[in-house]
Amino acid sequence: MSLTAKDASIIIREICSLAPIVPVLVVHDVDTARPLAEALVAGGLPALEVTLRTPAALEVISAMAEVLGGHLGAGTLVTPDDVRAAKAAGATFGVSPGATDALLAACEEEELPLLPGAATATEAMRLLAQGYDMLKFFPAEASGGAPALKAIGAPLPQITFCPTGGVSMTNAESYLSLPNVLCAGGSWVAPADLVEAKDWAAIERLAREAAGLGRGT
Ligand SMILES: O=C(O)C(=O)C[C@H](O)[C@H](O)COP(=O)(O)O
């Protein structure tokens with residue numbers, strides 16, 4: 001069995017439709033995983049991306065996957081081994097900064113729906129040719145921000161994006177108002193200092209604020 005690119009994109013679209021923002025999480029301490037996920041979900045952000053950038057990341061995914069109402073994604077997927085480890089830890093979707101044929105094949109084989117990254121029209125077209133029409137625009141701000149994504153959308157309206165990288169409360173609306181944007185990713189809803197202080201109430205407030213952002217036109 002394997003998951004086709006088209007079916008993966010359909011599932012990813014559903015996940016990206018749950019809320020305007022997908023928190024991008026860099027978690028060092030597995031003890032913070034559950035209360036952090038609970039705060040974000042309670043604030044209205046059910047789709048979460050845990051980056052595989054810390055030694056604790058896989059354990060964090062397993063702990064967060066138990067939180068009711070959450071949809072756990074693994075970010076920073078780079079190699080096929082990352083895909084297998086993320087799937088085994090309990091991730092239900094994957095996110096990658098870019099895409100390689102090996103990574104796409106591993107996700108299809110492991111049946112882990114992937115939100116693959118693209119920063120240019122050519123990268124987006126290559127993924128579209130392989131069946132992926134819901135992509136991460138990364139690094140969003142550094143790649144020209146909302147004006148660049150709007151320009152890409154003119155000739156490629158069939159591709160929908162989740163811009164990530166430099167997105168914040170102040171610029172999120174500029175992306176979310178574009179017709180080719182379904183949601184955006186960002187780390188600002190779970191800042192390192194608030195996680196370290198275990199200030200879950202403050203993180204829930206940030207999540208609620210982000211969940212109230214407008215979307216689409
Ligand atoms: O590691 C990954 O796979 C990533 O997805 C990179 C993240 O998307 C950005 O690092 C988030 O960017 P900020 O919201 O600007 O902090």
Side-chain angles (χ1 to χ4, degrees), residues 8 12 15-16 19-28 32-33 36-37 40 43 45 47-61 64 71-87 89 91-100 102-104 106-107 110 112-120 123-124 127 132 134-146 148-149 160-176 181-196 202-203 206-207 209-211 213:
I12 292 290
I15 292 168
C16 286
I21 300 298
V22 176
V24 177
L25 307 172
V26 182
V27 186
H28 297 274
T32 62
L36 173 58
L40 292 165
L45 302 180
L48 310 175
E49 174 190 341
V50 176
T51 61
L52 296 191
R53 288 202 234 158
T54 65
L58 292 170
E59 269 187 273
V60 168
I61 289 172
M64 285 189 171
H71 296 257
L72 249 295
T76 333
L77 297 183
V78 177
T79 68
D81 280 348
D82 292 339
V83 174
R84 288 187 277 272
K87 174 88 182 187
T92 55
F93 69 99
V95 185
S96 57
T100 65
L103 185 75
L104 299 178
C107 285
E110 289 291 322
L112 186 70
L114 179 69
L115 175 65
T120 66
E123 291 166 5
L127 284 163
Y132 292 90
M134 174 73 218
L135 310 179
K136 164 170 159 168
F137 180 53
F138 177 79
E141 278 294 288
S143 302
L149 199 46
T160 312
F161 292 90
C162 168
T164 307
V167 180
S168 66
M169 227 19 231
T170 46
N171 63 16
E173 297 273 13
S174 67
Y175 290 100
L176 293 169
V181 169
L182 204 47
C183 67
S187 61
W188 86 89
V189 286
D193 56 337
L194 292 184
V195 175
E196 205 172 309
I203 289 175
L206 287 175
E209 187 186 29
L213 285 162

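Atoms within each ligand, like the ligands themselves, are counted from 1 in listed order.
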(message) Nearest 0.5 Å, please: how far is CD in Glu49 from OG1 in Thr164?
(response) 6.5 Å
(message) Can you tell me how far apart CG (Leu135) and SG (Cys16) are? Round to the nearest 0.5 Å.
(response) 10.5 Å
(message) Would you compute the distance between atom CZ of Phe93 and atom CG of Leu77 and round it to the nearest 0.5 angstrom?
(response) 10.0 Å
(request) Could you tell me the separation between the CD atom of Glu209 and the CE atom of Met169, rounded to the nearest 0.5 Å? (result) 4.0 Å
(message) Are the side chains of Thr79 and Leu103 in contact, using a 4.5 Å heavy-atom criterion?
(response) no
(request) Can you measure from CD1 (Ile61) to CG (Leu25) and round to the nearest 0.5 angstrom? (result) 10.0 Å
Does ligand 1 have any N/O atom under 3.5 Å from a protein N/O, and what are those pairs and their distances?
from	atom 1	to	atom 2	distance (Å)
ligand 1	1 (O)	Arg53	NE	3.0
ligand 1	1 (O)	Arg53	NH2	2.9
ligand 1	1 (O)	Thr76	OG1	2.8
ligand 1	3 (O)	Thr76	N	2.8
ligand 1	3 (O)	Thr76	OG1	3.2
ligand 1	5 (O)	Glu49	OE2	3.2
ligand 1	5 (O)	Lys136	NZ	2.2
ligand 1	8 (O)	Lys136	NZ	3.2
ligand 1	10 (O)	Arg53	NH2	2.9
ligand 1	14 (O)	Ser187	N	3.0
ligand 1	14 (O)	Ser187	OG	3.2
ligand 1	15 (O)	Gly166	N	2.7
ligand 1	16 (O)	Ser187	OG	2.6

